[in-house]
Amino acid sequence: MKDSSGFIVPTYFTKEVDLKIDWDRVDPVALDQLNLARHVAGVPFRITSHYRTPEKSLAVGGSPTDAHTQVPCGAFDIAYTNTLESYRIVRGLIFAGFPRVGINARNRHIHADVSTSLPSPRFWVE
Ligand SMILES: [Zn+2]
């Protein structure tokens, strides 16, 4: 992937750049899937949420037992700015094998997770 200056930028997530990922709790298999999803989508993935404590998840409108609270954590929220970007992100996530994908149109983000304890496969819009 090239930035606006034409330089090649890494297409994989790194601790230095992706500060919203809790690198001590990330599910490494889900992270590989996320890298593949971004490669397939061909658009930036701006992660807005990853691991959350049950209290934090409740505070931001989630549930204290949602996929963001599981360790290792394979749940990610990805911001999008328009419908072309949301299409490409969802396409990449499904291609990469994320079994649970949801769109939050109000907050313009896409949720994806690999939880095996929550109903799967699922796709939702809220
Ligand atoms: Zn989420």
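Indexing begins at 1, ligand by ligand and atom by atom, following the structure's order. Not measured: the values here are computed from a predicted model.
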Quick test of your reading of the model: are D66 and R52 salt-bridged, counting only N-O distances below 4.0 Å?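 Looking at R52 together with D66, the answer is yes, because their closest N to O distance falls below 4.0 Å.
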Residues, nucleotides or ligands: over 12 heavy atoms within 6.0 Å of F123 CZ: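 Yes, the 6.0 Å shell around CZ holds more than 12 heavy atoms from other groups.
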Keeping to distances under 2.8 Å, can you name the protein N/O/S atoms close to the Zn ion (ligand 1)?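 N, O, S partners closer than 2.8 Å: H68 NE2, D77 OD1, H111 ND1.
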Does the side chain of [Y] come within less than 4.5 Å of [X]'s, by heavy atoms?
{"X": "H111", "Y": "W124", "value": "yes"}
{"X": "H68", "Y": "D77", "value": "yes"}
{"X": "V40", "Y": "R91", "value": "yes"}

Tell me whether the rings of F45 and F13 are parallel (<30°), tilted (30 to 60°) or perpendicular (>60°).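 Rings of F45 and F13: tilted, 30 to 60°.
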